[in-house]
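Report on the following structure.
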Amino acid sequence: MIKSLRGMNDILNDEEYKRYTYFIQTATKVAKNYGFHFIETPILEETALFKRSVGESSDIVGKEMYQFTDKGGNDVCMRPEGTAGVVRAFIQNKLDRAGGVHRYFYHGAMFRYERPQKGRLRQFHQFGCESFGVASVYEDANMIMMVSDILKELGIGYRLQLNSLGDQNCMPQYRDALVSFIESVESEICEDCKRRKTTNPIRVLDCKNEQCQSLYANAPKLIDSLCEGCQSDFDTLKQILDDNEIAYETDTNLVRGLDYYSKTAFEFVSDNIGSQSAIAGGGRYDRLVEFLDGRATPAVGFAMGIERLLELIVMPQEKRSGYYLGAMDDAAVNFILKLAHQKRQTKKVTCEYKPKNLKNHLKGADKVHARFCCVIGSNELENNTIWIKDLEMKTEQTINIKDF
RNA sequence: GUGGGAUUAGCUCAGUUGGUUAGAGCACUAGUUUGUGGCACUGGGGGCCGCGAGUUCGAAUCUCGUAUCCCACCCCA
């Protein structure tokens, strides 16, 4: 038997596909309410796109990409995340030159060559939003409120973690200060941290090693090193969240794994899905458009991991809907199918092809959650009528076929 | 990539010190007067015991390899 590849799953189990489509519908609705519109970009992109956007130092680019050479000799890659492609499309269509505000949402498969576990797959799905052209921190707040709205509508509880990563005025200075601090304790830190010092020094801050953590207690704090602009934006953001009753915790060690973030960084986490607890993450990336050869454009975005959310979604109770059509005589089967065809122009119809007694038709109608069970037997066939029972109201009537 | 646990019916799981035709619940299906659903009763289908070697008279059971899932590390959505 041929099986799907490691970490690549079908979404068709009982409840799963219902949850998946319900999520997409809900998230789409909220995103549209916020003025975002749908965009679809290719799964395959030039490898250079991800190297320049996500960053060479990240694990994603370093070891997790599905990268290969195609038959034309091009170095290509299955997208490991969604932002890079959207930014590329934005620039390619010269929207950076057009000016104005552009807001997009997308959803689709992403690929990372990792060791799978619960909530971590090699092919997984993200829903994401990207906003271009708004430098104001109000837009950052808007994005966070949007995620909050989506999660609330889906009945999903969360904790929101917030940080500011600074911008090109304060971040490089902080980075230098941190590196010299790390050098001062370098002999006592773990191997991983020694490696991080050169690849991505900020990452040492969330090292799990206890000895490292005790040493880093004295490290300079990013949050204390923000320049005036970053600090006031961060304060404004927190004020807006307070005003809108969105609870958050500031986590000065929250460092996003992708290099392109600056200023606002946020992560929504759930305590109910195992160790892969991040269900949504995002932040501001004001420099990315110019890194990818576009005209400098402020931008902010987020992505949600759909698989991680699925089991947390509280599904609305399923209501009976549509019609079930059945015949009690062979002679009526063809007629039933014709009726079904007509009715389907406007309604959802389940049609049973085998003649059965009334009891079994009612069972069948109940099983497909139909609202109305409609049956034609010999009596009905003679009189050109159809028997209809409303399974919810428990009322029944026999009406003329013409009125069906 | 490194460690640990698991894998038996569509699903959740039993299966004795290795011993005949491998079980249960749920689900599915058919009946229980050709006229009243959710319940109940009685039948039925469905398993290369993850896959491949080995030990043995004999393997779901013991050994090795391999694949996948789960957990931790790493990292992220």
Side-chain angles (χ1 to χ4, degrees), chain A residues 1-9 12-15 54 57-64 80-83 107-128 147 158 190-193 195-196 199-200 203 206-209 254-258 266-270 273-282 301-310 320 324 326-332 354-373 375-381 387-396 398:
Chain A
M1 180 175 56
I2 297 175
K3 290 191 284 191
S4 66
L5 295 172
R6 168 180 249 194
M8 301 200 173
N9 297 339
L12 48 64
N13 289 342
D14 298 340
E15 277 284 305
V54 179
S57 74
S58 71
D59 276 17
I60 292 177
V61 169
K63 54 185 193 190
E64 296 175 1
E81 56 97 48
T83 301
H107 49 83
M110 308 292 160
F111 302 83
R112 292 183 196 172
Y113 197 87
E114 296 185 89
R115 180 103 172 228
Q117 57 179 261
K118 190 181 181 64
R120 171 193 287 157
L121 299 164
R122 287 184 170 182
Q123 174 171 347
F124 60 104
H125 297 80
Q126 287 188 336
F127 178 94
V147 177
Y158 62 83
C190 70
E191 290 303 314
D192 283 336
C193 281
R195 176 176 52 81
R196 290 181 185 116
T199 57
N200 196 346
R203 287 228 79 102
D206 57 0
C207 178
K208 301 291 190 302
N209 186 301
L254 173 63
V255 184
R256 317 237 53 250
L258 292 67
F266 59 87
E267 201 161 277
F268 286 74
V269 299
S270 167
I273 52 169
S275 63
Q276 307 307 314
S277 60
I279 51 180
F302 72 83
M304 312 177 85
I306 300 179
E307 281 86 352
R308 289 184 185 178
L309 292 169
L310 285 190
R320 292 183 178 282
Y324 170 101
M328 294 174 69
D329 287 287
D330 274 318
K354 256 169 73 180
K356 291 180 175 181
N357 65 30
L358 187 64
K359 184 170 188 160
N360 282 326
H361 278 311
L362 284 161
K363 270 190 189 179
D366 188 49
K367 204 159 86 181
V368 298
H369 269 92
R371 171 82 188 265
F372 299 102
C373 179
V375 176
I376 293 185
S378 49
N379 301 342
E380 288 79 9
L381 207 53
W387 176 87
I388 301 173
K389 177 161 186 176
D390 182 333
L391 296 181
E392 198 173 293
M393 307 305 289
K394 301 180 196 299
T395 57
E396 57 188 275
T398 301

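Quick note: numbers below take in every heavy atom, side chains included, and nothing from hydrogens, waters or symmetry partners. Each chain gets a letter, A, B and so on, in the order its sequence line appears, and its residues count up from 1.
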Legend entry - Side-chain heavy atoms of A/Y113 within contact of A/R122, under 4.5 Å: yes
Inset, instruction - Taking the side chain as every heavy atom from C-beta outward, state whether A/M328 and A/L358 have any atom pair closer than 4.5 Å. - result: yes
Check: [X] side chain, [N] base, donor-acceptor under 3.5 Å:
X: A/K359; N: B/U36; answer: no
X: A/K394; N: B/G37; answer: yes
X: A/E380; N: B/G35; answer: yes
X: A/R112; N: B/C76; answer: no
X: A/N379; N: B/G35; answer: yes

Inset, instruction - Using only heavy-atom distances, determine whether the side chains of A/Q276 and A/Q117 contain a donor-acceptor pair under 3.5 Å. - result: yes
What integer distance in Å separates [X]:[atom1] from [N]:[atom2]?
X: A/R320; N: B/G38; atom1: CZ; atom2: C1'; result: 8 Å
X: A/I273; N: B/C71; atom1: CD1; atom2: C1'; result: 15 Å
X: A/Y324; N: B/G37; atom1: OH; atom2: P; result: 14 Å
X: A/Q117; N: B/U2; atom1: CD; atom2: C1'; result: 13 Å
X: A/I306; N: B/C76; atom1: CD1; atom2: P; result: 20 Å
X: A/R6; N: B/C70; atom1: CZ; atom2: P; result: 10 Å
X: A/H361; N: B/A30; atom1: NE2; atom2: P; result: 12 Å
X: A/L309; N: B/C76; atom1: CG; atom2: P; result: 19 Å

In terms of side-chain heavy atoms of [X], which of [options] is nearest?
X: A/E396; options: B/G37, B/U36, B/C75; value: B/U36
X: A/Q276; options: B/A30, B/C76, B/U34; value: B/C76
X: A/A278; options: B/A77, B/U36, B/U34; value: B/A77
X: A/L362; options: B/A77, B/U36, B/A67; value: B/U36
X: A/L358; options: B/A77, B/C74, B/G35; value: B/G35
X: A/S378; options: B/U34, B/U36, B/C74; value: B/U34
X: A/K363; options: B/U34, B/G31, B/C74; value: B/G31
X: A/M328; options: B/U36, B/U34, B/A77; value: B/U34

Inset, instruction - Name the residue closer to the 5' end of RNA chain B, choosing between A/K389 and A/N360 according to the nucleotide with the nearest heavy atom. - result: A/N360
Not counting sequence neighbours, which residues clear side chain to side chain contact (heavy atoms under 4.5 Å, CB included) with [X]? List them please.
X: A/M304; result: A/F23, A/F127, A/V147, A/I150, A/L151, A/A280, A/F302, A/L309
X: A/T398; result: A/T385, A/W387
X: A/L391; result: A/R320, A/L362, A/A365, A/C373, A/K389

Legend entry - Qualifying residues under side chain to side chain donor-acceptor pair (under 3.5 Å), relative to A/H125, sequence neighbours excluded: A/E307
Legend entry - Set of side chain to side chain donor-acceptor pair (under 3.5 Å) partners for A/N357, sequence neighbours left out: A/N360
Inset, instruction - Please state whether the phosphate of B/C76, meaning OP1 or OP2, lies under 4.0 angstrom from any side-chain nitrogen or oxygen of A/K118. - result: no
Protein-nucleotides 3-5 of chain B N/O pairs closer than 3.5 Å?
{"unit_1": "B/G3", "atom_1": "O6", "unit_2": "A/R115", "atom_2": "NH2", "d": "3.2"}

Categorize [X] for me: base, sugar-phosphate, or nothing, with a 4.0 angstrom heavy-atom threshold over every strand shown.
X: A/E64; value: sugar-phosphate
X: A/A365; value: nothing
X: A/G7; value: sugar-phosphate

Inset, instruction - Would you please name every residue forming a ring pair (Phe, Tyr, Trp, His ring centres under 6.0 Å) with A/F372, sequence neighbours left out? - result: A/Y323
Inset, instruction - Kindly write out the residues that satisfy ring pair (Phe, Tyr, Trp, His ring centres under 6.0 Å) with A/F111, not counting sequence neighbours, or none if the list is empty. - result: none
Inset, instruction - Using the criterion of both pairing distances under 3.5 Å for Watson-Crick and G-U wobble pairs, give all stems of 3 or more consecutive pairs involving RNA chain B. - result: B:1-7 with B:67-73, B:10-13 with B:23-26, B:28-32 with B:40-44, B:50-54 with B:62-66
Inset, instruction - List for me each residue that meets salt bridge (Lys or Arg N to Asp or Glu O under 4.0 Å) alongside A/E380, sequence neighbours excluded, and say none if there are none. - result: none
Inset, instruction - Mind checking salt bridge (Lys or Arg N to Asp or Glu O under 4.0 Å) for A/R6 and listing every partner two or more places apart, or none if nothing turns up? - result: none
Using atom names, set out every protein N or O paired with an N or O of nucleotides 7-10 of chain B below 3.5 Å, distance rounded to 0.1 Å.
none

